[in-house]
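In what follows, a single structure is set out as structure tokens and then discussed.
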2 protein chains.
Amino acid sequence: MKINKERLKKHLMKLGSIGYTEGQGITRQAFTPTYEEAKKYVRNLMENIGLKVYEDSVGNLFGKLEGKGKKKSIIMGSHIDSVPNGGIFDGSLGVLGAIECIQTLMENNHTTQYDLEVAAFIGEEGTEVGGTFGSKCFTGEVSFQEKDIAYLETVGISKEDIRSAKRSPKTVKHYLELHIEQGNILDTEGLSIGIVKGIVGIAQYKAEVKGKANHAGTTPMHLRDDALVKASKVINQINEIVNQLGAPLVGTVGHIQAHPGAINVIPGKVDFTIELRDVSKERVETAMNLVKESCKDLNLSIEKLEYEWEVNLDQDIQSEIEKACKDLGYNYKFMYSGAGHDANPLSKIASTGMIFVPSKNGISHAPGEWTEWEDIDKGVNTLLLTLLHLDKE
Amino acid sequence: MKINKERLKKHLMKLGSIGYTEGQGITRQAFTPTYEEAKKYVRNLMENIGLKVYEDSVGNLFGKLEGKGKKKSIIMGSHIDSVPNGGIFDGSLGVLGAIECIQTLMENNHTTQYDLEVAAFIGEEGTEVGGTFGSKCFTGEVSFQEKDIAYLETVGISKEDIRSAKRSPKTVKHYLELHIEQGNILDTEGLSIGIVKGIVGIAQYKAEVKGKANHAGTTPMHLRDDALVKASKVINQINEIVNQLGAPLVGTVGHIQAHPGAINVIPGKVDFTIELRDVSKERVETAMNLVKESCKDLNLSIEKLEYEWEVNLDQDIQSEIEKACKDLGYNYKFMYSGAGHDANPLSKIASTGMIFVPSKNGISHAPGEWTEWEDIDKGVNTLLLTLLHLDKE
């Protein structure tokens, strides 16, 4: 049983045209009219193939096909919102791929043991209230501040709506998400399928190096305490330590500012951000301790901003995905996701699996995002076969 | 013959109160009402001791005492404008110290061979038209752009005014400037007098390091091209190379910006400034060539912004200052000025000397600028004795 590659392509191109501008990619953020248009397109698709469509109180969209009587759902899905100037596959592939799987099953008169649901979660990409908004509401994992609530009210969502969107975990058997990798590992290694072992945790820090601001002309080198020279050493240390500890750990200094920031003044203070990601909180903490230890003479202070810890995906599902790849003859690798997904919250209420397809040159969240149609086809067939394997339990 | 320390202190404190706010220092930029008030105070002082006062067409203020007939002037001076939130001695000391020297001579019925002039040059600190405005007009070293002229017209200065302010070099024998060091060399070494050998040249550059912007989570370390990691290496290289080449060379990266500058994006481009100062243009160029060579694999590009080359001060005057220090029993050292002064333009039309007194902790251009009264006294006595030595020629 194989999916209809051309039909899927047509739907991806059609959905991908909503909010699209040539050269500028897709701009289709949650709670916008463009987003509503995309949701309507997906709703029609679901209805046309005979799914029972339901939108919850925060805007998550579901299409359901009943199975043979096991009163739990295998949910397949992702999101249909985008970042500003994003690509056409990020999220949409997981939603339209799931619909294509169900349509293929129906055409083959295959009725599953479990109920099947396609989910299009709202606000996976960051909005004013952060990312994975819809899936967090769905799993009940929400802790919004007053300012978030105030924002949500402007888009017609109340506290009560958030509470109502919570689904009982008892109704969910598995969650499966097909997504583009957004990194360059599969593309670099020439592989078609990534079997996701886990999603890295993200630790963000605010760092400050203090020195002494002084006249850049009258202060000789041996009497300087240059905060930027010291911060440069810290940045190199972070890079070296992260490289030594090895993958999947990554470390990034993305923002830096020297004070006062004038061409003729020795910087007295430098602020910068540090982001560390790994599947082990301990390894992140080890890295940070090594950085602090190696920079202890550099007047460095570090403040934790946010932790969002790692998710380990279900090992049985990983095995089923691997079996599917072998059956289909697709090359694959086990890997970690460096970005967060709707699978993060879902993994807290159901056994969860993720399938990656390659991103050309690792580009995502940019107009240059692309995945070859052949890999799209392979990804959805892997999703379908995994679903069939899991349904036999 | 010694100056009147208490009288000088009184005048410095009084002039230092114009534009002063407790904790905020002095804000007394050229072409402001506060500046006019300070100029009026100095004019009155000059007139009260019997100097012939003259203000030129751009606002430079002079007080003259005729000598025994040598038709040339020994000019002593500096400036009475300040940076925003500056200190009370920067500039003012050179002007009020010169008036104190002349008053002391008059009280001792000493008439010099040469005419004596005190000069308070306008706009030494940067304004919209750059620094050392008044002294550049005085020496005729001006090349203003249209936008500068447009600005000057708003403060009542025309092209003709600039031309008229030029003094014939034939009328000037020497220029002597007493100034605070603005660095921490004298203070660190416990010395009272700096004999300035020269003023460093300043070379400013705009640098850019290119990498590849990418997702900070999904891009593994070995597939990154992080512009900030590379820029950090460049900054460390600059620091090491400048240290190796040795004093008086100094090198500073004062401003830096990473693009796009988000906590979760690998920087694709980093812009920063480089400033190098030395008394030898060749050494600055050597340093820059070593930086380029050592960073040739880091995708670094460097654009020259401005050069303002070094000034070597008169060696005979340096010897006279040294003799004065020895006669007076003051400890001293020969040194370079890391900052520009009115002495830069003046050195192009007359043999010029500069005397430094210590800046506590090297602080200047900030409310914390300070010089001990004892060092103020020594500086002005050194100026007076140097003047007497030079007048005997």
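Atoms considered below: every heavy atom in the structure, side chains included; atoms not considered: hydrogens, waters and symmetry mates. By convention in this document, chain letters (A, B, ...) are assigned in the order of the sequence lines, proteins followed by strands, and residues within each chain are numbered from 1.
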Between [atom1] on residue [X] and [atom2] on residue [Y], distance to nearest 0.5 Å:
X         : Y         : atom1 : atom2 : result
Ile185(B) : His222(A) : CD1   : NE2   : 6.5 Å
Asn264(A) : His255(B) : CG    : NE2   : 12.5 Å
Ile256(B) : Leu228(A) : CD1   : CG    : 5.0 Å
Ile363(A) : Lys212(B) : CD1   : NZ    : 5.0 Å
Asn214(A) : His365(B) : CG    : NE2   : 11.5 Å
Leu223(A) : Glu189(B) : CG    : CD    : 8.0 Å

Less than 4.5 Å to any heavy atom of chain A: does that hold for the side chain of [X], its backbone, both, or neither?
X         : result
Val265(B) : backbone
Leu249(B) : backbone
Ser337(B) : neither
Lys230(B) : neither
Ala339(B) : both

Hey, does the side chain of Ser232(A) reach the backbone of Ile235(B) with a donor-acceptor pair shorter than 3.5 angstrom? no

Among the options [options], pick out the one with the most heavy-atom pairs lying under 4.5 Å from chain B.
options                                    : answer
Asn184(A), Ile274(A), Thr188(A), Leu276(A) : Asn184(A)
Gly261(A), Ala258(A), Gly183(A)            : Gly261(A)
Val250(A), Ile238(A), Leu305(A)            : Val250(A)
Ile202(A), Val270(A), Asn239(A)            : Asn239(A)

In the structure I gave you, are the side-chain heavy atoms of Lys206(A) and Ile263(B) within less than 4.5 Å of one another anywhere? no

Side chain, backbone, both or neither: which part of Ser364(A) has a heavy atom under 4.5 Å from chain B? side chain

Thr219(A) versus chain B, heavy atoms under 4.5 Å apart: side chain, backbone, both or neither? both

Checking side chain to side chain contact (heavy atoms under 4.5 Å, CB included) for the pair Asn236(A)/Lys233(B): CA distance, chi angles, key distance, verdict? CA-CA 7 Å; Asn236(A) 275 310; Lys233(B) 290 188 182 20; 3.3 Å; yes

